[in-house]
Amino acid sequence: MTTFDMPLSTQDNGLRFSTYNYNQNLVWKGNLESISFEQQAIKDKLLVLDKPCYIVRIAGKVGVTNEGYLYPVENGTTSQVELLTSIAPLSLQQLGDPSFLSAYGVKYAYMTGAMAGGIASEEMVIALGKERILGSFGAGGLPPERIEAAIQKIQQALPNGPYAFNLIHSPNDMAIERRAVDLYLKYGVKVVEASAFLDLTPNIVYYRLAGLSLNDANQIIIKNKVIAKISRREVASKFMQPAPAKIIQELLEQGLITELQAKLAEKVPMADDITVEADSGGHTDNRPLVCLLPSLIALRNEIQAQYHYSQPIRIGAAGGIATPESTLAALMMGAAYVVTGSINQACVESGACEHTKKLLAQAEMADVTMAPAGDMFEMGVKVQVLKRGTMFPMRAQKLYELYRTYNSIEEIPAAEREKLEKQVFRKTIAEAWEGTAAYLSQKNPEKLGKAVNNPKLKMALIFRWYLGLSSRWSTAGEKGREVDYQIWCGPAMGGFNDWVRGSYLAEPENRRVVDVADHIMQGAAFSYRIQNLKIQGLQIPDYYTQYRPEVCQ
């Protein structure tokens, strides 16, 4: 240890301390030369999260060090170094619920959500999985053969995980759900992210129950994990409880589950994790996370008190998670884990085309709006999409207004039909119906048969032809159709762009999903350290509190 005989900096570093709060029962001991008083050196030490951080004062100047140790004050001794406060080392694994890490074999309480149409691609899931971060493949809207190929590719690259596959609710065609479930069971997909569900269906119950068994210690083993993405209490309640007796009995009678699985079903919830989906891209109720998350945590506590599950359901947070600050806010409100979505769509591994990624990288928080959903068009369900650089939201809304106003294509005034053909469809209505009919004859001949005798349904299917293709154009990069791209996006995209502006992540070609995850979690831990120091009395200028992404070493 050396005496402090070097001159103190004359530059004011801005640090102050509230004298009412510091601990006078401990002193700091260590090498005085390790204490920093210059701004950049102080920030560098604050960023060293795997070491303790000591805030000290010498001759009226506040400094910071990661070295040394604390020692009880000895009677009659004085020190020229005044300990103001200290904070322990912090591991990123300490953020969130440790049971989430052990359940999925991951290093962060962080996952990426599914973006339909393969936007959350095999490359994205594999890149994350190789770094022990959970990613969910965007299986929604893809044909069975495409999903099967994705399963094979991901399982080959990640034989031991972690990975998840999306199971999206399809109220207009339950066979779509069933085909996906059959594939997941065939290939032993152990984690499913269930999204857009309005109620429990036999398909999701079948997947869950088919994985139940007992081990040698007579403990229930849940092989098929379900992460349910939900924004409504009434739906969350159903996933938090055991499967309905009626559906269990139906599955049993069909020979899809065993007597033992039917019995065990009464003792386990339908989901291991509930992701609270706030204001997000795609399907969303636009609800604020600060209201929705505490509400569903309270609901979970009520149901846990009723059923006494051996492993309580974890509650995660999604929608608006785009920066270290929003991540930390969710975790401090009690989220067991966080889920990012929109921000990953602009990453290199995303299945979106380059034009879409550039639009997303330029988006601001106000550049999003709600538009009719293709998969639930007749129900009036909407999705949140990007409005900057595309006319899709306006055109989709026009289609829904026409659907609500008229009972058939023929009832629509000729001038309006002409606009549709020239500006939206870019082909005649007859040609649009021909393409729709050809698709349905292969995928859903029953619905095609109904449409022939139902003009209102026929009109809806023609309109859904445009809505369905618009999202595929965005992923495929369809030339000449850029103004019709349907790009699912929430305001989080704008928040992320604000955060990374001026850093290497500002350009979409530099955005990699693992880098994004690492920086968000690293930044959240850093923000936690800063807030702790503030609470303990350190008055710290904004210069020290900002975490900006730098190239990972």
Side-chain angles (χ1 to χ4, degrees), residues 110-129 133-143 146-147 150-151 153-154 163-170 176 180 191-197 227-229 231 275 277-284 316 318-322 338-361 363 368 371 373-376 382-386 390 392 467-468 470-477 485-494 496 508 511-514 516-517 520:
Y110 176 107
M111 70 173 285
T112 64
M115 293 172 284
I119 295 172
S121 64
E122 297 98 318
E123 291 75 17
M124 183 178 293
V125 174
I126 291 169
L128 291 160
I133 301 171
L134 182 62
S136 179
F137 177 76
L142 295 179
R146 173 73 173 83
I147 298 174
I151 294 173
K153 183 174 182 178
I154 291 172
Y163 62 83
F165 274 76
N166 183 226
L167 179 65
I168 193 166
H169 181 42
S170 304
I176 293 175
V191 185
V192 154
E193 183 192 32
S195 61
F197 277 79
I227 303 173
K229 191 185 294 181
S231 60
T275 300
E277 186 175 22
D279 194 11
S280 64
H283 289 285
T284 181
I321 307 297
V338 296
V339 182
T340 55
S342 298
I343 63 174
N344 302 309
Q345 192 173 189
C347 288
V348 171
E349 300 88 351
S350 160
C353 73
E354 295 306 312
H355 179 78
T356 292
K357 292 176 183 178
K358 288 179 180 179
L359 289 180
L360 288 165
V368 295
D375 55 347
M376 302 183 194
K382 293 189 174 185
V383 290
Q384 190 156 220
V385 297
L386 186 70
T390 172
F392 168 79
L467 298 175
S470 60
S471 60
R472 296 188 185 96
W473 291 331
S474 174
T475 55
Y485 284 6
Q486 179 182 175
I487 304 170
W488 301 307
C489 181
M493 192 73 249
F496 180 84
R511 297 183 183 183
R512 297 189 176 274
V513 284
V514 171
V516 169
I520 286 178

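A distance of 9.5 Å separates OG in Ser136 from CE in Met115, rounded to the nearest 0.5 Å. The line from NZ of Lys358 to SG of Cys353 is 10.0 Å long, rounded to the nearest 0.5 Å. Atom CD1 of residue Ile119 and atom CZ of residue Phe137 lie 10.5 Å apart, to the nearest 0.5 angstrom. For the atom pair Thr390 OG1 and Ile487 CD1, the distance stands at 6.0 Å (nearest 0.5 Å). Considering OG of Ser342 and CG of Leu360, their distance stands at 8.0 Å, rounded to 0.5 Å.
Under the ring pair (Phe, Tyr, Trp, His ring centres under 6.0 Å) criterion, Tyr110 pairs with no residue, sequence neighbours left out. Scanning for salt bridge (Lys or Arg N to Asp or Glu O under 4.0 Å) contacts around Lys357 gives Glu354, with sequence neighbours left out. For Trp473, there are no side chain to side chain donor-acceptor pair (under 3.5 Å) partners two or more places apart in sequence or in a different chain. In this structure Thr284 satisfies the side-chain contact (heavy atoms from CB on, under 4.5 Å) test together with Asp279, Ser280, Asn286, Met370, Gln384, sequence neighbours excluded. In this view, Ala278 and Leu289 satisfy the side-chain contact (heavy atoms from CB on, under 4.5 Å) rule, not counting sequence neighbours. Under the ring pair (Phe, Tyr, Trp, His ring centres under 6.0 Å) criterion, His283 pairs with no residue, sequence neighbours left out. For Thr275, the side-chain contact (heavy atoms from CB on, under 4.5 Å) partners at least two apart in sequence or on another chain are Ile227, Lys229, Ala318, Tyr337, Val339. Shown here are the side chain to side chain donor-acceptor pair (under 3.5 Å) partners of Tyr163, two or more places apart in sequence or in another chain: Gln155. In this structure Ser170 satisfies the side chain to side chain donor-acceptor pair (under 3.5 Å) test with no other residue, sequence neighbours excluded. Residues passing the side chain to side chain donor-acceptor pair (under 3.5 Å) test with Ser471, sequence neighbours excluded: none.
What you find for Gly117 and Thr475 is that their closest heavy atoms are O-CG2, 4.4 Å. Nearest heavy-atom pair across Gly113 and Ala120 is O-CB, 4.0 Å. Across every non-hydrogen atom of Ala196 and His169, the tightest pair is O-CB, 3.3 Å. Taking each heavy atom of Tyr485 and Phe392 in turn, the nearest pair found is O-CB, 3.4 Å. Across every non-hydrogen atom of Asn166 and Glu193, the tightest pair is ND2-O, 2.6 Å. The shortest non-hydrogen separation linking Ser474 to Thr356 is OG-OG1, 2.9 Å.
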- Message: Set out, in order, the CA-CA distance, both residues' side-chain angles and the distance that settles side-chain contact (heavy atoms from CB on, under 4.5 Å) for Leu134 and Leu128, then state yes or no.
- Response: CA-CA 6 Å; Leu134 182 62; Leu128 291 160; over 6 Å; no
- Item | Steps toward side-chain contact (heavy atoms from CB on, under 4.5 Å) verdict (Ile520, Ile343) | CA-CA 11 Å; Ile520 286 178; Ile343 63 174; 3.6 Å; yes
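In this structure, the side chains of Leu167 and Phe197 come closer than 4.5 Å at one or more pairs of heavy atoms.
Note on residues 111-125: pairs passing salt bridge (Lys or Arg N to Asp or Glu O under 4.0 Å), not counting sequence neighbours, are Glu122-Arg146, Glu123-Lys153. A side chain to side chain donor-acceptor pair (under 3.5 Å) check over residues 343-352, counting only residues at least two apart or in different chains, returns the pairs Thr340-Asn344.
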